[in-house]
Amino acid sequence: MKKFNKTLRNVVVSFATLILVWQLVYSCCHYSPALFPSPASAGSALVETFQNGVMTRNIATSLARFAVGYVAAVVLAVALGLVLGLTPRVFQFVNPIVQLLRPISPMAWAPFIVLWFGIGDVPAIVVVFIAAFFPVLLSTVAAVVNIDPIYFRVSRNFGVRQPKLLWKVVLPAAFPQIANGIHLALGTAWVFLAAGEMNGVQSGLGYMIVDARNTFRTDVLLATIVVIGVLGLALDGAIRLAERIALKGWGGVEE
Amino acid sequence: MNYIELSHATKTFKKADGTRFAAFEDVSFGIERGEFVCVLGPSGCGKSALLNAIAGFSLVTSGSVKIGGEEVKEPSPKRVMIFQNYGLLPWRTVLKNVELGLEERKIPKEERRAIAEKYVEIVGLSAFKDERPRRLSGGMQQRVSIARALAVDPEVVFMDEPFAALDAITRMKLQDDVLKLSREEKKTVVFVTHDVGEAVYLADRILILSPNPGRLKSVVNVTIGREFRDRSSADFFQLQKQVFELFEGKATENPVEYYI
């Protein structure tokens, strides 16, 4: 509890400082409010968009798209990663392709995604999927490859065979590293959600940014940016907590 | 007919440069049922490779390894290996680790649990049965591994330098326990070590290997004090000295057998 209070104090102090500096820059430099909104105008835009329901609706839409894309990526990447991790010969051939695709920003695919998947929810979901898929896939493969061979020797000795070996040994042995990959991919995927919603959709937080720009509402634009940041932080906190609980159940990893 | 029979067993590995080298070469010996045999040799003499070949983890390249008259082709729950670094599954509790081998048999859950509890009790860890291995000391972890091996009621227990990572006091305690358990449970034990004192204390028979490649140099039948060996007695020191001299001595053409 004491630790929590201290963290809370640090957060309050740092955000207060940020807003103060923002206000000072605004007051001193006399930028046009259309180019550089004040904290107060961004704040009132925040209240306004929440009150008229626009923000709430877009948050819900974005979170739903994010959940679908992210969960699908995690499930598929972990499954494929387990298979590839257990068959290094196959992975030798798959790896060059993965390494080629991985550095390509999901946004580079955006035109194709819209052409292939049309407009609506799917393009944003696909962008989130691509963003989350490769980090989870590679960390799962690495996790399986790095399993201490002694676990396989022991299970072989006691007659544990596939498919039991997969859920009795492979999955639990690789779990901590996979969990870490899933955690890291969440941040990456969230970054790309807003970008993904700037093409082919008429809703979501990314669309709100485009819309605010088109209507010269920089206050709404900034309010949306703040919301994206806060939600990203909350999601990270949630998965961090989930990871810690899961690891505790897994085998008491010391903190 | 010996229970475990090696004849002209040789194991070669391919090196990175493509040439082959032998871990052990032309090793022949037999082990009787219920015997406690120590394989003693300096590091790099292929003694672990030899144990892996007998256990079926890594087969011989020529010659043969037979157990109970049958060629060894793969590991079996009838022959359980105990490793230096314990090989416990860290995500399982002590009890669940001991249950691992039993899960592969068609035993009802309650019975499985009862057997596991019994062996956890035998190694003196009942108070820790719900702990994860991480919370236990090295000696306690190796006890769990011993309980897990005994729980499947194997015919042979292989031990690959099982106590090398433990402190001297813990090691002595575990040596006593292993000796007692192997007698009570009537197991055939093949125990690899580089520690002369350990071999002399535990073994009915010591197989001494010479390195590069591993060859059987001499066989020592330890006939005295089979029931109880006093580590501080003059006899024990004498025995240890003799084995040490054999251990250090030059390799001979044919393995020599000694009775001391």
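Reckoned from all heavy atoms, side chains included, excluding hydrogens, waters and symmetry mates. Residue numbers begin at 1 in each chain, while the letters A, B, ... track the order of the sequences.
Looking at B:Leu102, there are no atoms closer than 4.5 Å to chain A (heavy atoms on both sides), in backbone or side chain. Proximity to chain A (any heavy atom under 4.5 Å) is shown, for B:Val80, by both the backbone and the side chain. Using a 4.5 Å cut-off between heavy atoms, A:Lys164 touches chain B through its side chain atoms alone. Looking at B:Glu131, neither its backbone nor its side chain comes within 4.5 Å of chain A, counting heavy atoms on both sides. For B:Arg105, no part lies near chain A; criterion is any non-hydrogen pair under 4.5 Å. Using a 4.5 Å cut-off between heavy atoms, B:Phe57 touches chain A through backbone and side chain atoms alike.
For the pair A:Arg102 and A:Phe134, the cation does not sit on the ring face, since its NZ or CZ is not both under 6.0 Å from the ring centre and inside 45° of the axis.
Note on ring orientation: taking the six-membered ring where Trp is involved, the planes of B:Trp91 and A:Tyr151 are perpendicular (angle over 60°, cut-offs 30° and 60°).
Between B:Asp204 and B:Arg183 a salt bridge is recorded (basic side-chain N to carboxylate O distance below 4.0 Å). By the 4.0 Å N-to-carboxylate-O rule, B:Lys78 lies too far from B:Glu70 to be salt-bridged with it. Remark: B:Arg205 does not engage B:Glu32 in a salt bridge, criterion side-chain N to carboxylate O under 4.0 Å.
Top candidate by heavy-atom pairs under 4.5 Å with chain B, chosen from A:Ser155, A:Gly159, A:Pro172, is A:Pro172. Among B:Pro133, B:Ser76, B:Ala55, the residue with the largest count of heavy-atom pairs under 4.5 Å with chain A is B:Ser76.
Remark: B:Lys66 NZ is loosely packed, at most 12 non-hydrogen atoms of other residues, nucleotides or ligands lying under 6.0 Å away.
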